[in-house]
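The shown structure was predicted, so the numbers you read here are calculated from the model rather than taken from an experiment.
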Amino acid sequence: MTYCVAIKLNAGLVFLSDSRTNAGLDQISSFRKMMIYEKRGSRFLVLLSAGNLSIAQSVREALQTTQIVDEEHRGEPTTIWNASSMFDAARVLGCAVRNVHERDGESLRQAGVEFNVSLVLGGQIRGEQMRLFQVYSAGNFIEATDETPYFQVGESKYGKPVLDRILTPDTSLDDAAKCALVSMDSTLKSNLSVGLPLDMVLYENNRYESDKIVCIDEGNPYFRMLHDRWGAELRNAFDTIESPHWDAERQTCASPLHAPGCRYQPLRKTSGPFDR
């Protein structure tokens with residue numbers, strides 16, 4: 001399993017991925033899930049992948065050479081290197097997924113292996129704004145919006161709450177990076193199939209290149225600090241919330257748990273075989 005998250009903001013883009021791959025309790029390895037495609041001054045793209053590792057690697061390899069020929073538009077075939085928009089780049093990625101499925105899908109099915117891959121492609125091509133897409137196993141895709149400014153692939157449930165509470169389009173790049181790392185730390189804490197090291201990239205709007213690229217392992221001082229502080233602050237926040245009060249009449253409490261006037265009644269006890 002794996003966990004990847006990509007965030008689109010007014011200020012730029014944040015990408016974060018883990019590197020753990022497992023095929024059983026004693027089959028744990030590290031494979032990077034992130035690829036960066038950069039032509040300085042022209043385009044900057046990042047690809048995140050989750051799902052079957054062999055399929056993801058095949059798609060990543062195919063992406064660099066896949067071409068789309070539009071019959072109604074004569075001229076040079078479209079690739080990720082000459083695409084005039086991120087939408088066209090996402091089309092090329094979808095085509096690469098379908099090409100791999102056409103080549104390997106039937107053999108995988110006969111071997112009892114599902115064609116399973118989830119991808120996120122984001123970046124900016126000169127002439128348009130930054131865009132972020134999630135691409136599915138069928139090669140179709142959706143685009144991030146202001147209402148949903150991030151995508152997750154892989155083991156997403158543990159890291160989602162903090163993203164929903166913190167992120168807006170106006171969030172700063174540094175705060176979004178911190179939020180993504182907290183999301184990853186929560187996932188690492190709760191799921192052993194996600195593991196270090198991590199790859200992180202920050203892209204600033206209209207730069208078409210990035211030097212904010214880091215690999216984070218267990219010795220990284222910032223990530224260790226964030227892990228310790230987040231755990232301690234969560235515990236402190238928990239301790240500041242008063243315990244539930246069950247008897248509203250006998251205790252003075254602004255927020256009793258057991259209070260009259262509730263729309264629904266508590267569960268009834270079953271006392272015998274004919275109770276309903």
One pair to check against salt bridge (Lys or Arg N to Asp or Glu O under 4.0 Å): E38 and R40. What are the steps and the verdict? CA-CA 6 Å; E38 179 183 284; R40 291 189 177 184; 3.3 Å; yes
Does atom [atom1] of [X] have more than 12 heavy-atom neighbours from other groups under 6.0 Å away?
| X | atom1 | result |
| --- | --- | --- |
| L192 | CG | no |
| E102 | CD | no |
| K157 | NZ | yes |
| R32 | CZ | no |
| R224 | CZ | no |

Compute whether any side-chain donor of one residue and acceptor of the other, for N52 and S54, lie under 3.5 angstrom apart. yes
Is the closest side-chain donor-acceptor distance between D164 and Y150 under 3.5 Å?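 Distance-only check passes for D164 and Y150.
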With a 4.5 Å limit on heavy-atom distance, are the side chains of [X] and [Y] in contact?
| X | Y | answer |
| --- | --- | --- |
| T145 | P149 | no |
| W230 | H227 | no |
| K160 | Q152 | yes |
| S58 | R103 | yes |
| S49 | S118 | no |
| L181 | F223 | yes |
| L16 | M200 | yes |
| V194 | R20 | no |

If you round to the nearest 0.5 Å, how far is [atom2] of [Y] from [atom1] of [X]?
| X | Y | atom1 | atom2 | value |
| --- | --- | --- | --- | --- |
| Q134 | L48 | CD | CG | 10.0 Å |
| K189 | Y158 | NZ | OH | 13.0 Å |
| L167 | L9 | CG | CG | 6.5 Å |
| L196 | E218 | CG | CD | 6.0 Å |

Under 4.5 Å between side-chain heavy atoms, hopping through other hydrophobics if needed: is there a path connecting [X] to [Y]?
| X | Y | result |
| --- | --- | --- |
| V135 | F115 | yes |
| F151 | F15 | yes |
| L63 | L45 | yes |
| V153 | M34 | yes |
| V120 | L53 | no |

Between F44 and Y208, is a ring-ring contact (aromatic ring centres under 6.0 Å, His included) present by the stated rule, with each step listed? CA-CA 5 Å; F44 183 87; Y208 309 104; 9.4 Å; no
Sidechain-backbone polar pair: [X] side chain, [Y] backbone, donor-acceptor under 3.5 Å:
| X | Y | answer |
| --- | --- | --- |
| S210 | L202 | yes |
| E114 | R109 | no |
| T240 | A237 | yes |
| E128 | M86 | yes |
| R43 | A83 | yes |
| N191 | T187 | no |
| S183 | C179 | no |

Using side chain to side chain contact (heavy atoms under 4.5 Å, CB included), reason through D88 and I125 one step at a time and then give a plain yes or no. CA-CA 10 Å; D88 282 342; I125 294 174; over 6 Å; no
Per the side chain to side chain donor-acceptor pair (under 3.5 Å) rule, which among T171, D146, D170, N205 passes with N10?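 Single pass found, and it is D170.
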Could you pull out the closest heavy-atom pair between [X] and [Y], with the gap in Å?
| X | Y | value |
| --- | --- | --- |
| V14 | A176 | CG2-CB, 3.9 Å |
| D175 | S172 | N-OG, 3.1 Å |
| Q64 | I80 | CA-CD1, 4.5 Å |
| I216 | N220 | CG2-CB, 3.6 Å |
| V59 | A96 | O-CB, 4.3 Å |
| Y37 | R60 | OH-O, 4.0 Å |

Kindly assign one of parallel, tilted or perpendicular to the pair F133 and F141, based on the angle between their ring planes and the thresholds 30° and 60°. perpendicular
Intermediate values then yes/no, salt bridge (Lys or Arg N to Asp or Glu O under 4.0 Å), D18 and K33: CA-CA 7 Å; D18 84 315; K33 318 297 177 55; 3.7 Å; yes
Full working for salt bridge (Lys or Arg N to Asp or Glu O under 4.0 Å) between R91 and D70: CA-CA 11 Å; R91 288 178 60 216; D70 292 318; 2.9 Å; yes
